[in-house]
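Below is one structure, written out as C-alpha cells; the observations come after it.
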Amino acid sequence: MKVTIKGYTGVAVWKWVANDDTCGICRMPFDSCCNDCKYPGDDCPLVWGQCSHCFHMHCIMKWVNGNQKSNQSCPMCRQAWKIKEK
Amino acid sequence: MFSLQKKLKQDAAKGTSQPAKKAVDLRQKLLQKEFETLKQLPVGCSIHFDNPDVLYQFKLNLVPDKDSLWYGGRFEFLINVPEGYNFDPPKVTCLTRVWHPNINEKGEVCLSILRQNAIDSFGWLPTRTIADIIFGINSLFYDLVNFEDPLNTEAATLFQTNKDMFIRKVREYISKYCK
Ligand SMILES: [Zn+2]
Ligand SMILES: [Zn+2]
Ligand SMILES: [Zn+2]
C-alpha cells in the first residue's frame, strides 16, 4: 500500500466555479441583485477586480471589509482585491 | 452619473436591520440551492438528514474503498452549518473514533478549507460549497492524508516510524469502533 504525502496544495484545484453569470459570493445571477437588495441595477451594481473577477459590489465589500478572514483578497483567485476603475 | 464611492458611503450609512434573522434565511436559501444541485458525491459517501427540514445539520457517511488505508471502516461525520454561512465555514466533527493523523480522538477534523483564519491561502472562502467539504473530508482518507501538520501527532509519528504498526492500529480502531 502506498500513501502519497501531499501538502495542502491539492485542495484548491478541485474546481473553479464557473461564474460567468453568477456572483460567486451570494450565488445569485448577475441580472438579479444581491441578497441584501430588492432591485437589481444601479442600487446593486457589479464591480470587477483587477483580477477580472466580477461580483455584486455589496457582496465583495462585505467580504473584504467586514471580514478579517478574507485577507482582502478575491474569493475566486485569492489575488489582492482591487477594484478595476473603468 | 453613478458614482461608486458615493454609493459605498450611502450604503455604509444605511446599515442593516435585523441581521440575525436575515442570516438564518440566507443560510437556508443557500443550502437549499446547494442540495438541489448537488449531483455527485464521492464514491462511498452519502449524506443523511435527521430532520429533513433542518438543512444546516446533517451527517456524512463515509465508506473508504480498497485504495484507502482505512478500507473496511465506516465513518460518520456531523456537519453543522453556522448562521454566518457562507462567510463562515461549516463545522465538521467525526463521530466515529478513528486512528488518523488529521482527526483527533475528540473528533476534531483538520482540513485546511474549513479553517476560518487561514494564514496560508487555502482556508475558507464564500465561494466554497458543501460539496467541496464532502470531497475534502473524503480525500483525507486518500491522497490528502497529511502527516506533516497532524492533529493526532502520535498517529503521524507512528506512520513515519512504523508503518505496519500504524496500519495495525487503524485496523484495531476499525474493528472496535466501526459498525
Ligand atoms: Zn452577489
Ligand atoms: Zn446589493
Ligand atoms: Zn479574482
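All heavy atoms count here, side chains included; hydrogens, waters and symmetry mates do not. Note on naming: letters A, B, ... go to the chains in the order of the sequence lines (proteins, then strands), and numbering restarts at 1 for each one.
- A/I25 CD1 to B/L30 CG: the interatomic distance, rounded to the nearest 0.5 Å, is 11.5 Å.
- No more than 12 heavy atoms of other residues, nucleotides or ligands shown are found within 6.0 angstrom of CZ on B/R74.
- Panel note: side chain B/N86, backbone A/C26; no donor-acceptor pair is recorded below 3.5 Å.
- Contacts between B/Y71 and chain A at a heavy-atom distance below 4.5 Å are absent for every atom of the residue.
- Linking Ile, Leu, Val, Met, Phe, Trp and Tyr whenever their side-chain heavy atoms come within less than 4.5 Å leaves B/F166 and B/L151 in two separate clusters.
- The two residues B/W124 and A/W63 come nearest to each other via the heavy atoms O-CH2, 3.9 Å.
- Between the side chain of B/T127 and the backbone N or O of A/M76 there is no donor-acceptor pair closer than 3.5 Å.
- Within 6.0 Å of CD on B/E154 lie no more than 12 heavy atoms contributed by other residues, nucleotides or ligands.
- At a threshold of 4.5 Å between side-chain heavy atoms, the hydrophobic network of Ile, Leu, Val, Met, Phe, Trp and Tyr places B/L78 and B/I130 in two separate groups.
- Of the possible polar contacts, one joining the B/K33 side chain to the A/R27 backbone as a donor-acceptor pair under 3.5 Å is found.
- Hydrophobic clustering (side-chain heavy atoms under 4.5 Å, transitive across Ile, Leu, Val, Met, Phe, Trp, Tyr) keeps B/V54 apart from B/L95.
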